Amino acid sequence: MEHTPQENRLEDIINDLSKVVKRDEVLKRITFLSIMSAWAEHPINLFLRGPSSTGKTYNVTQAVKYLPADKVLLLGGLSPTALVHDFGTLVDEDGEEFNGDDRPIKSDYTMENDKGRTIHDEASFRAANRDWALKLDNAHYRVELGGRVLVFLEAPNEETFMRLRPILSHDAKEISFKFSDRPGGGRLRTMHVKLCNWPAAVFCTTDTTYLDELATRSVTFTPDMSVEKYNDAINLLGARAAEPWLFDFLDKETEALKAKVAHIINWNEKIDKVLTPYAGEFTQAYKATRARDMRDVRYVLNFIGTSTMLHYDIRPIMKINSGSETKSYVMSNYLDLYNAASVLIHVWEATQTGIGEHCINLFYNIIVPRWKAMGSKDPISM
(Lines give C-alpha, C1' and ligand atoms only; values in the text may rest on other atoms or scores of the structure.)
Protein backbone atom coordinates (compact mmCIF):
# COMPACT_ATOMS: atom_id res chain seq x y z
CA MET A 1 0.00 0.00 0.00
CA GLU A 2 1.36 3.41 -0.94
CA HIS A 3 2.44 5.54 2.03
CA THR A 4 0.83 8.96 2.27
CA PRO A 5 3.13 11.56 3.90
CA GLN A 6 1.75 13.34 6.93
CA GLU A 7 0.82 16.98 6.58
CA ASN A 8 3.43 19.13 8.31
CA ARG A 9 2.08 22.63 8.91
CA LEU A 10 5.34 23.80 10.42
CA GLU A 11 7.00 23.18 7.06
CA ASP A 12 4.13 25.00 5.31
CA ILE A 13 4.83 28.09 7.42
CA ILE A 14 8.60 27.84 6.94
CA ASN A 15 8.30 27.46 3.16
CA ASP A 16 6.10 30.55 3.02
CA LEU A 17 8.35 32.50 5.39
CA SER A 18 11.34 31.65 3.22
CA LYS A 19 9.97 33.98 0.54
CA VAL A 20 11.15 36.93 2.64
CA VAL A 21 13.68 35.35 5.05
CA LYS A 22 16.68 33.79 3.41
CA ARG A 23 18.51 30.84 4.98
CA ASP A 24 18.31 30.79 8.82
CA GLU A 25 16.38 27.51 8.51
CA VAL A 26 16.75 26.55 12.18
CA LEU A 27 16.03 30.05 13.44
CA LYS A 28 12.81 30.30 11.41
CA ARG A 29 11.55 27.04 12.89
CA ILE A 30 12.52 27.72 16.47
CA THR A 31 11.13 31.25 16.33
CA PHE A 32 7.75 30.13 15.03
CA LEU A 33 7.50 27.23 17.48
CA SER A 34 8.50 29.57 20.32
CA ILE A 35 5.87 32.20 19.54
CA MET A 36 3.17 29.53 19.08
CA SER A 37 4.09 28.13 22.50
CA ALA A 38 2.17 31.08 23.98
CA TRP A 39 -0.81 28.70 23.90
CA ALA A 40 1.08 25.74 25.36
CA GLU A 41 1.13 24.75 29.03
CA HIS A 42 4.60 26.26 29.55
CA PRO A 43 5.38 29.02 27.00
CA ILE A 44 8.97 29.39 25.78
CA ASN A 45 11.39 32.29 26.27
CA LEU A 46 13.70 32.59 23.26
CA PHE A 47 16.96 34.51 23.53
CA LEU A 48 18.63 35.45 20.26
CA ARG A 49 22.33 36.09 20.73
CA GLY A 50 24.88 37.45 18.32
CA PRO A 51 26.21 40.70 16.85
CA SER A 52 23.89 43.38 15.51
CA SER A 53 22.74 43.31 11.86
CA THR A 54 22.60 39.51 11.75
CA GLY A 55 18.83 39.39 11.29
CA LYS A 56 17.54 38.72 14.81
CA THR A 57 14.80 41.34 14.76
CA TYR A 58 13.93 40.77 11.10
CA ASN A 59 13.41 37.04 11.61
CA VAL A 60 11.09 37.60 14.55
CA THR A 61 9.00 40.41 13.05
CA GLN A 62 8.44 38.33 9.91
CA ALA A 63 7.42 35.26 11.94
CA VAL A 64 4.88 37.08 14.13
CA LYS A 65 3.03 38.34 11.04
CA TYR A 66 1.27 34.97 10.91
CA LEU A 67 -0.32 35.66 14.30
CA PRO A 68 -3.32 37.93 14.95
CA ALA A 69 -1.98 41.44 15.63
CA ASP A 70 -3.73 41.69 19.01
CA LYS A 71 -1.80 38.65 20.26
CA VAL A 72 1.65 40.23 19.73
CA LEU A 73 3.22 43.02 21.77
CA LEU A 74 6.25 44.58 20.07
CA LEU A 75 8.12 46.27 22.92
CA GLY A 76 11.00 48.69 23.18
CA GLY A 77 12.29 50.21 26.42
CA LEU A 78 9.02 49.63 28.24
CA SER A 79 8.57 51.45 31.58
CA PRO A 80 6.31 50.09 34.36
CA THR A 81 3.94 53.02 33.82
CA ALA A 82 3.66 52.30 30.09
CA LEU A 83 3.17 48.59 30.81
CA VAL A 84 0.12 49.46 32.89
CA HIS A 85 -1.40 52.26 30.81
CA ASP A 86 -0.78 50.65 27.42
CA PHE A 87 -1.75 47.07 28.27
CA GLY A 88 -3.60 47.14 31.59
CA THR A 89 -7.33 47.13 32.28
CA LEU A 90 -8.73 48.66 35.47
CA VAL A 91 -10.99 46.15 37.25
CA ASP A 92 -12.84 46.25 40.56
CA GLU A 93 -12.35 43.76 43.38
CA ASP A 94 -14.76 41.36 41.64
CA GLY A 95 -12.70 41.44 38.45
CA GLU A 96 -15.25 43.51 36.52
CA GLU A 97 -13.94 46.25 34.23
CA PHE A 98 -14.17 49.63 35.92
CA ASN A 99 -13.88 53.16 34.55
CA GLY A 100 -11.79 55.04 37.09
CA ASP A 101 -12.70 58.38 35.48
CA ASP A 102 -16.44 57.81 35.93
CA ARG A 103 -16.69 59.81 39.12
CA PRO A 104 -20.17 60.75 40.37
CA ILE A 105 -21.41 64.08 39.02
CA LYS A 106 -23.23 66.32 41.46
CA SER A 107 -25.84 67.40 38.92
CA ASP A 108 -26.98 63.78 38.57
CA TYR A 109 -28.16 63.68 42.19
CA THR A 110 -31.35 65.66 42.67
CA MET A 111 -34.50 65.53 44.77
CA GLU A 112 -37.68 67.49 45.24
CA ASN A 113 -38.01 69.66 48.34
CA ASP A 114 -41.21 70.12 50.30
CA LYS A 115 -42.19 72.90 47.91
CA GLY A 116 -41.87 70.62 44.85
CA ARG A 117 -38.72 72.24 43.60
CA THR A 118 -35.77 70.21 42.27
CA ILE A 119 -32.67 70.64 44.39
CA HIS A 120 -29.31 68.87 44.73
CA ASP A 121 -29.38 65.71 46.88
CA GLU A 122 -26.19 66.37 48.82
CA ALA A 123 -26.46 63.26 51.02
CA SER A 124 -26.87 60.86 48.08
CA PHE A 125 -24.06 62.58 46.17
CA ARG A 126 -21.66 62.29 49.12
CA ALA A 127 -22.60 58.63 49.63
CA ALA A 128 -22.05 57.88 45.93
CA ASN A 129 -18.72 59.69 46.06
CA ARG A 130 -17.62 57.61 49.07
CA ASP A 131 -18.67 54.39 47.31
CA TRP A 132 -16.80 55.42 44.16
CA ALA A 133 -13.63 56.30 46.13
CA LEU A 134 -13.76 52.98 48.01
CA LYS A 135 -14.25 51.07 44.76
CA LEU A 136 -11.31 52.92 43.20
CA ASP A 137 -9.11 52.18 46.22
CA ASN A 138 -9.91 48.46 45.96
CA ALA A 139 -9.51 48.34 42.18
CA HIS A 140 -6.37 47.20 40.39
CA TYR A 141 -4.94 47.16 36.90
CA ARG A 142 -4.92 43.71 35.35
CA VAL A 143 -2.30 43.08 32.66
CA GLU A 144 -3.27 39.81 30.95
CA LEU A 145 -0.21 38.19 29.43
CA GLY A 146 -1.54 34.68 28.83
CA GLY A 147 -1.92 33.82 25.15
CA ARG A 148 0.33 36.75 24.23
CA VAL A 149 3.75 37.00 22.58
CA LEU A 150 6.12 39.61 24.00
CA VAL A 151 8.80 40.63 21.51
CA PHE A 152 11.52 42.75 23.10
CA LEU A 153 13.03 44.63 20.19
CA GLU A 154 15.48 46.22 22.61
CA ALA A 155 16.36 45.58 26.23
CA PRO A 156 13.39 46.45 28.47
CA ASN A 157 13.60 49.06 31.18
CA GLU A 158 15.37 47.31 34.08
CA GLU A 159 12.59 48.09 36.56
CA THR A 160 10.01 46.71 34.13
CA PHE A 161 12.05 43.58 33.59
CA MET A 162 12.30 42.98 37.34
CA ARG A 163 8.50 43.19 37.53
CA LEU A 164 8.12 40.76 34.64
CA ARG A 165 10.85 38.32 35.65
CA PRO A 166 8.75 36.13 38.00
CA ILE A 167 6.15 35.75 35.23
CA LEU A 168 8.77 35.04 32.54
CA SER A 169 10.51 32.60 34.90
CA HIS A 170 7.16 30.83 35.49
CA ASP A 171 7.56 31.27 39.26
CA ALA A 172 3.89 32.22 39.65
CA LYS A 173 0.91 32.89 37.40
CA GLU A 174 0.00 36.14 39.13
CA ILE A 175 2.37 38.85 40.35
CA SER A 176 1.24 42.00 42.19
CA PHE A 177 3.11 45.25 42.62
CA LYS A 178 2.35 48.87 43.43
CA PHE A 179 3.73 52.21 42.34
CA SER A 180 2.71 55.87 42.54
CA ASP A 181 1.34 57.68 39.52
CA ARG A 182 -0.93 60.52 38.41
CA PRO A 183 -3.40 58.81 36.04
CA GLY A 184 -4.83 61.29 33.58
CA GLY A 185 -2.77 64.04 35.20
CA GLY A 186 -4.96 63.90 38.32
CA ARG A 187 -4.04 63.45 41.96
CA LEU A 188 -1.08 61.29 42.93
CA ARG A 189 -2.26 57.87 44.04
CA THR A 190 -0.96 54.35 44.52
CA MET A 191 -1.51 52.09 41.53
CA HIS A 192 -2.07 48.41 42.24
CA VAL A 193 -1.10 46.15 39.33
CA LYS A 194 -1.49 42.42 38.74
CA LEU A 195 0.45 40.68 35.97
CA CYS A 196 -1.46 37.53 35.07
CA ASN A 197 -0.45 34.28 33.33
CA TRP A 198 2.54 33.32 31.24
CA PRO A 199 3.36 34.69 27.77
CA ALA A 200 5.86 33.49 25.20
CA ALA A 201 8.76 35.95 24.99
CA VAL A 202 11.44 36.64 22.42
CA PHE A 203 14.45 38.80 23.24
CA CYS A 204 16.13 40.27 20.16
CA THR A 205 18.88 41.80 22.26
CA THR A 206 20.78 40.05 25.04
CA ASP A 207 23.68 42.40 25.68
CA THR A 208 22.36 43.60 29.04
CA THR A 209 23.69 41.90 32.15
CA TYR A 210 20.41 41.86 34.07
CA LEU A 211 18.95 39.58 31.37
CA ASP A 212 21.56 36.89 31.97
CA GLU A 213 19.68 35.14 34.78
CA LEU A 214 16.56 34.70 32.67
CA ALA A 215 18.68 33.61 29.71
CA THR A 216 19.73 30.55 31.72
CA ARG A 217 16.03 29.59 31.84
CA SER A 218 15.45 30.05 28.14
CA VAL A 219 16.17 28.63 24.71
CA THR A 220 19.21 30.33 23.18
CA PHE A 221 20.18 30.60 19.53
CA THR A 222 22.23 32.71 17.13
CA PRO A 223 21.22 33.61 13.55
CA ASP A 224 23.13 32.26 10.56
CA MET A 225 26.21 34.44 10.08
CA SER A 226 27.40 32.98 6.76
CA VAL A 227 28.51 35.01 3.75
CA GLU A 228 25.97 33.07 1.66
CA LYS A 229 23.13 34.38 3.84
CA TYR A 230 24.36 37.96 3.56
CA ASN A 231 24.49 37.71 -0.24
CA ASP A 232 21.03 36.12 -0.44
CA ALA A 233 19.61 38.90 1.76
CA ILE A 234 21.23 41.58 -0.41
CA ASN A 235 19.82 39.95 -3.56
CA LEU A 236 16.36 39.97 -1.96
CA LEU A 237 16.71 43.70 -1.31
CA GLY A 238 17.63 44.18 -4.97
CA ALA A 239 14.60 42.19 -6.12
CA ARG A 240 12.31 44.28 -3.91
CA ALA A 241 13.73 47.50 -5.35
CA ALA A 242 13.63 46.29 -8.97
CA GLU A 243 10.10 44.82 -8.94
CA PRO A 244 8.32 46.16 -5.84
CA TRP A 245 4.88 45.24 -7.16
CA LEU A 246 5.75 41.56 -6.77
CA PHE A 247 6.03 42.11 -3.00
CA ASP A 248 3.15 44.55 -2.56
CA PHE A 249 0.17 42.41 -3.42
CA LEU A 250 -1.46 40.19 -0.83
CA ASP A 251 -0.13 36.70 -1.31
CA LYS A 252 -3.13 34.36 -1.16
CA GLU A 253 -1.06 31.51 0.25
CA THR A 254 0.29 33.69 3.05
CA GLU A 255 -3.16 35.02 3.87
CA ALA A 256 -4.55 31.48 3.95
CA LEU A 257 -1.82 30.44 6.41
CA LYS A 258 -2.56 33.47 8.62
CA ALA A 259 -6.23 32.52 8.71
CA LYS A 260 -5.31 28.92 9.58
CA VAL A 261 -3.01 30.05 12.41
CA ALA A 262 -5.76 32.32 13.81
CA HIS A 263 -8.14 29.35 13.75
CA ILE A 264 -5.57 27.14 15.48
CA ILE A 265 -5.04 29.75 18.21
CA ASN A 266 -8.78 30.14 18.75
CA TRP A 267 -9.19 26.38 19.10
CA ASN A 268 -6.21 25.95 21.42
CA GLU A 269 -7.61 28.54 23.81
CA LYS A 270 -10.43 26.05 24.44
CA ILE A 271 -8.47 22.77 24.73
CA ASP A 272 -7.48 21.45 28.15
CA LYS A 273 -4.06 20.00 27.41
CA VAL A 274 -1.84 18.14 24.98
CA LEU A 275 -1.27 14.44 25.64
CA THR A 276 2.11 12.97 24.58
CA PRO A 277 1.80 9.15 24.73
CA TYR A 278 5.54 8.50 24.38
CA ALA A 279 6.63 11.14 26.93
CA GLY A 280 7.33 8.50 29.59
CA GLU A 281 9.59 6.52 27.26
CA PHE A 282 11.38 9.71 26.25
CA THR A 283 12.07 10.92 29.80
CA GLN A 284 13.27 7.46 30.85
CA ALA A 285 15.69 7.37 27.91
CA TYR A 286 16.95 10.89 28.67
CA LYS A 287 20.13 10.69 30.74
CA ALA A 288 20.43 13.73 32.97
CA THR A 289 23.93 14.94 33.85
CA ARG A 290 23.23 18.30 35.48
CA ALA A 291 20.56 20.01 37.56
CA ARG A 292 19.26 22.19 34.73
CA ASP A 293 18.34 19.07 32.72
CA MET A 294 15.18 18.95 34.84
CA ARG A 295 14.20 22.27 33.30
CA ASP A 296 15.64 21.86 29.82
CA VAL A 297 13.88 18.57 29.07
CA ARG A 298 10.64 20.51 29.38
CA TYR A 299 11.60 22.44 26.24
CA VAL A 300 11.41 19.22 24.25
CA LEU A 301 7.98 18.41 25.64
CA ASN A 302 6.79 21.99 25.05
CA PHE A 303 7.93 22.02 21.42
CA ILE A 304 6.27 18.62 20.89
CA GLY A 305 3.09 20.10 22.37
CA THR A 306 3.31 23.20 20.18
CA SER A 307 3.70 21.10 17.03
CA THR A 308 0.70 19.05 18.16
CA MET A 309 -1.36 22.21 18.52
CA LEU A 310 -0.54 23.18 14.92
CA HIS A 311 -2.15 19.91 13.78
CA TYR A 312 -5.00 19.70 16.30
CA ASP A 313 -7.67 18.83 13.73
CA ILE A 314 -5.70 15.90 12.28
CA ARG A 315 -4.62 14.47 15.64
CA PRO A 316 -6.65 12.09 17.83
CA ILE A 317 -8.65 13.71 20.64
CA MET A 318 -9.03 11.86 23.94
CA LYS A 319 -11.89 12.88 26.22
CA ILE A 320 -11.75 12.03 29.91
CA ASN A 321 -14.76 12.28 32.19
CA SER A 322 -13.72 13.81 35.50
CA GLY A 323 -16.68 14.05 37.84
CA SER A 324 -19.16 16.51 36.38
CA GLU A 325 -16.86 17.74 33.59
CA THR A 326 -15.27 16.28 30.49
CA LYS A 327 -11.72 17.26 29.56
CA SER A 328 -10.32 17.04 26.04
CA TYR A 329 -6.71 16.16 25.23
CA VAL A 330 -5.18 16.38 21.76
CA MET A 331 -2.67 13.58 21.20
CA SER A 332 0.88 14.02 19.85
CA ASN A 333 2.40 11.67 17.30
CA TYR A 334 5.97 11.07 16.14
CA LEU A 335 5.90 13.89 13.55
CA ASP A 336 5.60 16.28 16.50
CA LEU A 337 8.64 14.67 18.11
CA TYR A 338 10.49 15.08 14.80
CA ASN A 339 9.55 18.78 14.56
CA ALA A 340 10.82 19.39 18.10
CA ALA A 341 14.01 17.32 17.81
CA SER A 342 14.99 18.68 14.38
CA VAL A 343 15.13 22.15 15.93
CA LEU A 344 16.45 21.45 19.41
CA ILE A 345 19.36 19.34 18.20
CA HIS A 346 20.83 22.55 16.77
CA VAL A 347 20.23 24.74 19.82
CA TRP A 348 20.78 22.33 22.71
CA GLU A 349 24.40 23.22 23.46
CA ALA A 350 23.83 26.97 23.18
CA THR A 351 20.77 26.65 25.42
CA GLN A 352 22.54 24.60 28.08
CA THR A 353 25.63 26.80 28.16
CA GLY A 354 23.96 30.16 27.49
CA ILE A 355 26.73 30.89 24.97
CA GLY A 356 25.99 32.17 21.48
CA GLU A 357 26.22 29.66 18.63
CA HIS A 358 28.88 31.79 16.91
CA CYS A 359 31.12 31.45 19.99
CA ILE A 360 30.54 27.69 20.15
CA ASN A 361 31.42 27.37 16.45
CA LEU A 362 34.57 29.39 17.02
CA PHE A 363 35.57 26.95 19.77
CA TYR A 364 34.95 23.79 17.73
CA ASN A 365 36.14 25.05 14.32
CA ILE A 366 39.17 27.14 15.32
CA ILE A 367 40.35 26.54 18.87
CA VAL A 368 39.95 22.74 19.08
CA PRO A 369 41.76 21.96 15.76
CA ARG A 370 44.63 24.30 16.64
CA TRP A 371 44.85 22.85 20.12
CA LYS A 372 45.09 19.35 18.65
CA ALA A 373 47.62 20.49 16.03
CA MET A 374 49.87 21.57 18.90
CA GLY A 375 49.78 17.97 20.14
CA SER A 376 47.70 18.88 23.18
CA LYS A 377 45.04 16.67 24.72
CA ASP A 378 41.51 17.09 23.42
CA PRO A 379 40.13 20.02 25.50
CA ILE A 380 36.61 18.57 25.34
CA SER A 381 37.68 15.40 27.14
CA MET A 382 39.78 17.17 29.76
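Everything quoted here is computed from the prediction, not taken from an experiment. Values reported hereafter were calculated over all heavy atoms of this structure, with side chains retained and with hydrogens, waters and symmetry mates removed.
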Sorted by chain and residue number, the salt bridge (charged side-chain N to carboxylate O under 4.0 Å, His left out) partners of Lys273 (sequence neighbours excluded) come out as Glu41
Residues two or more places apart in sequence or in another chain: which of them pass salt bridge (charged side-chain N to carboxylate O under 4.0 Å, His left out) with Lys258? Glu255
Residues clustered with Tyr338, ILVMFWY side-chain links under 4.5 angstrom: Leu335
Donor-acceptor contact present, side-chain [X] to main-chain [Y], <3.5 Å:
{"X": "Asp16", "Y": "Asp12", "value": "no"}
{"X": "Tyr66", "Y": "Thr254", "value": "no"}
{"X": "Asn197", "Y": "Gly147", "value": "no"}
{"X": "Lys28", "Y": "Leu17", "value": "no"}
{"X": "Arg9", "Y": "Leu310", "value": "yes"}
{"X": "Ser37", "Y": "Ser34", "value": "yes"}
{"X": "Trp198", "Y": "Ala172", "value": "yes"}
{"X": "Asp24", "Y": "Asp224", "value": "yes"}
{"X": "Thr308", "Y": "Val274", "value": "no"}

Listed partners of Asp232 passing side chain to side chain donor-acceptor pair (under 3.5 Å), at least two apart: Arg23
Identify, with sequence neighbours excluded, every residue that meets side chain to side chain donor-acceptor pair (under 3.5 Å) alongside Asp131. none
With sequence neighbours excluded, tell me which residues meet side-chain contact (heavy atoms from CB on, under 4.5 Å) with Ser307. His311, Asp336, Asn339
Apply side chain to side chain contact (heavy atoms under 4.5 Å, CB included) to the pair Lys22 and Asn235, showing each step before the final yes or no. CA-CA 10 Å; Lys22 297 303 179 182; Asn235 291 335; over 6 Å; no
More than 12 heavy atoms of other residues, nucleotides or ligands under 6.0 Å from CD of Glu228: yes or no? yes
Could you go through Leu153 and Thr61, starting from their C-alpha distance and side-chain angles, then the distance that decides it, and tell me whether this counts as side chain to side chain contact (heavy atoms under 4.5 Å, CB included)? CA-CA 9 Å; Leu153 301 174; Thr61 53; 4.3 Å; yes
